[in-house]
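A short worksheet on the structure shown next.
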Amino acid sequence: MPTLETVLYHQFLIDVPRAAAIWSGLLVVALTVLTVLVARPEPATDEELAPAAAEPAEPDLADLRRYAEEVAVAATRAAQTARRRRADWLATQAEVERAWQAYDEAETAARRFVGAAALPAPRTPRTPAEYAARERWLHHAAMAAHWRGELSARQLSDVFCHRAGWDPRRHPVQQEIVLARAVREQRRAGYRLAAERERSAWRDAELAAEAYAAAARLRPGRPPAPRVEVVPARPVAPARWRPARVG
């Protein structure tokens with residue numbers, strides 16, 4: 001009959017290999033799980049998932065060439081406009097000088113009648129024939145002044161309709177004084193209009209020069225555009241008005 005020690009020894013021999021097999025299996029499973037966790041890739045970040053299109057693309061050579069051509073065309077047109085505006089401004093400057101000269105001549109002519117206006121009109125017989133002759137003289141003188149550009153169409157209409165102080169019964173000496181004053185006022189209005197046109201033309205020329213300069217600065221690596229004279233600063237014209245001594 002086996003003793004207790006024999007039974008325990010026999011049981012130990014059976015359980016030890018079984019426990020070793022179980023531990024070996026657990027070790028293999030643990031190593032497998034560890035290998036899988038190590039080899040598993042990390043999840044991609046938002047930056048990595050962003051599309052490649054988000055990166056700035058290299059500029060296309062054809063687009064750069066097209067842009068350069070468009071800027072060159074714009075600069076050329078701006079240069080042409082600047083030249084034309086400058087020429088218009090210079091033309092209006094000459095017009096202002098002519099208008100001033102015409103007004104100065106009309107003012108000088110009106111000054112000659114300063115003394116005559118204070119004298120009484122010559123005595124002539126006041127007959128229908130005399131009044132008809134005075135009216136003919138007035139109409140003829142007004143028409144001649146109109147054709148010379150000294151009277152406007154509206155002023156000429158006032159003469160024939162006997163408006164705005166035109167009285168055909170006055171003596172020709174008095175009519176000549178009134179006519180000289182009317183011519184002076186017409187020349188003064190012409191000078192003011194020419195001066196306003198010159199100011200407007202100068203502003204246009206200045207803006208055109210600035211537009212050309214801006215377009216020329218945008219030209220990428222091209223030969224310099226044709227030179228356009230920059231409109232100089234417009235000097236303040238001195239006051240040319242002189243006090244009229246007649247009327």
Side-chain angles (χ1 to χ4, degrees), residues 59-111 142-159 164 179-246:
D60 187 14
L61 183 58
D63 292 339
L64 292 177
R65 185 179 297 109
R66 189 182 306 110
Y67 169 75
E69 292 174 354
E70 292 175 356
V71 171
V73 171
T76 301
R77 292 177 178 175
Q80 294 173 353
T81 302
R83 292 194 190 95
R84 185 171 63 252
R85 296 299 186 191
R86 178 180 174 80
D88 294 342
W89 173 53
L90 294 177
T92 57
Q93 277 191 321
E95 183 182 353
V96 167
E97 292 300 326
R98 290 192 298 268
W100 167 254
Q101 183 177 0
Y103 167 69
D104 188 57
E105 293 173 356
E107 172 68 17
T108 301
R111 285 171 181 268
M143 284 293 298
H146 174 68
W147 288 117
R148 290 193 302 268
E150 297 174 350
L151 288 183
S152 65
R154 181 176 180 177
Q155 288 175 309
L156 184 63
S157 176
D158 290 339
V159 171
L179 182 62
R181 294 173 179 174
V183 171
R184 181 191 60 197
E185 295 306 314
Q186 172 64 13
R187 294 301 194 186
R188 191 207 308 259
Y191 170 73
R192 288 175 174 172
L193 184 61
E196 179 59 31
R197 284 197 296 264
E198 187 271 338
R199 286 191 292 269
S200 178
W202 177 79
R203 288 192 295 267
D204 293 341
E206 187 180 34
L207 291 176
E210 293 176 358
Y212 163 73
R217 285 194 297 268
L218 293 176
R219 302 189 68 176
R222 289 297 186 90
R227 182 175 179 272
V228 176
E229 292 188 44
V230 178
V231 177
R234 182 175 179 271
V236 179
R240 290 179 170 179
W241 302 113
R242 294 181 302 183
R245 297 177 59 187
V246 180

Arg98/Glu95 under salt bridge (Lys or Arg N to Asp or Glu O under 4.0 Å): CA gap, chis, key distance, verdict: CA-CA 5 Å; Arg98 290 192 298 268; Glu95 183 182 353; 5.3 Å; no
Steps toward side chain to side chain contact (heavy atoms under 4.5 Å, CB included) verdict (Arg192, Glu196): CA-CA 6 Å; Arg192 288 175 174 172; Glu196 179 59 31; over 6 Å; no
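- Annotation for Arg85 and Ala205: closest pair CB-CA, 3.6 Å, computed over non-hydrogen atoms.
- Closest heavy-atom contact between Asp158 and Ala164: OD2-CB, 3.9 Å.
- Side-chain contact between Leu151 and Leu179: present, with at least one pair of heavy atoms (C-beta onward) separated by less than 4.5 Å.
- Heavy atoms only, all atoms of each residue included: Ala201 and Thr92 are closest at CB-OG1, 3.7 Å.
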Step-by-step salt bridge (Lys or Arg N to Asp or Glu O under 4.0 Å) determination, Arg203 to Glu206: CA-CA 5 Å; Arg203 288 192 295 267; Glu206 187 180 34; over 6 Å; no
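- Here CG of Leu90 is found 9.5 Å from CD of Glu198. Values are rounded to the nearest 0.5 Å.
- Using a 4.0 Å cut-off between charged nitrogen and carboxylate oxygen, Arg111 and Glu107 count as a salt-bridge pair.
- When atom types are taken as modelled, the side chain of Thr81 and the backbone of Arg77 share a donor-acceptor pair closer than 3.5 angstrom.
- When every heavy atom of Ala78 is checked against every heavy atom of Tyr212, the shortest pair comes out as CB-CA, 3.6 Å.
- Listed here is the closest heavy atom pair of Ala99 and Gly190: CB-O, 4.1 Å.
- At a threshold of 4.5 Å between non-hydrogen side-chain atoms, the residues Arg187 and Tyr191 do not count as touching.
- The two atoms that bring Gln155 and Ala182 nearest to each other are NE2-O, 3.3 Å, heavy atoms only.
- Side-chain contact between Arg197 and Leu193: present, with at least one pair of heavy atoms (C-beta onward) separated by less than 4.5 Å.
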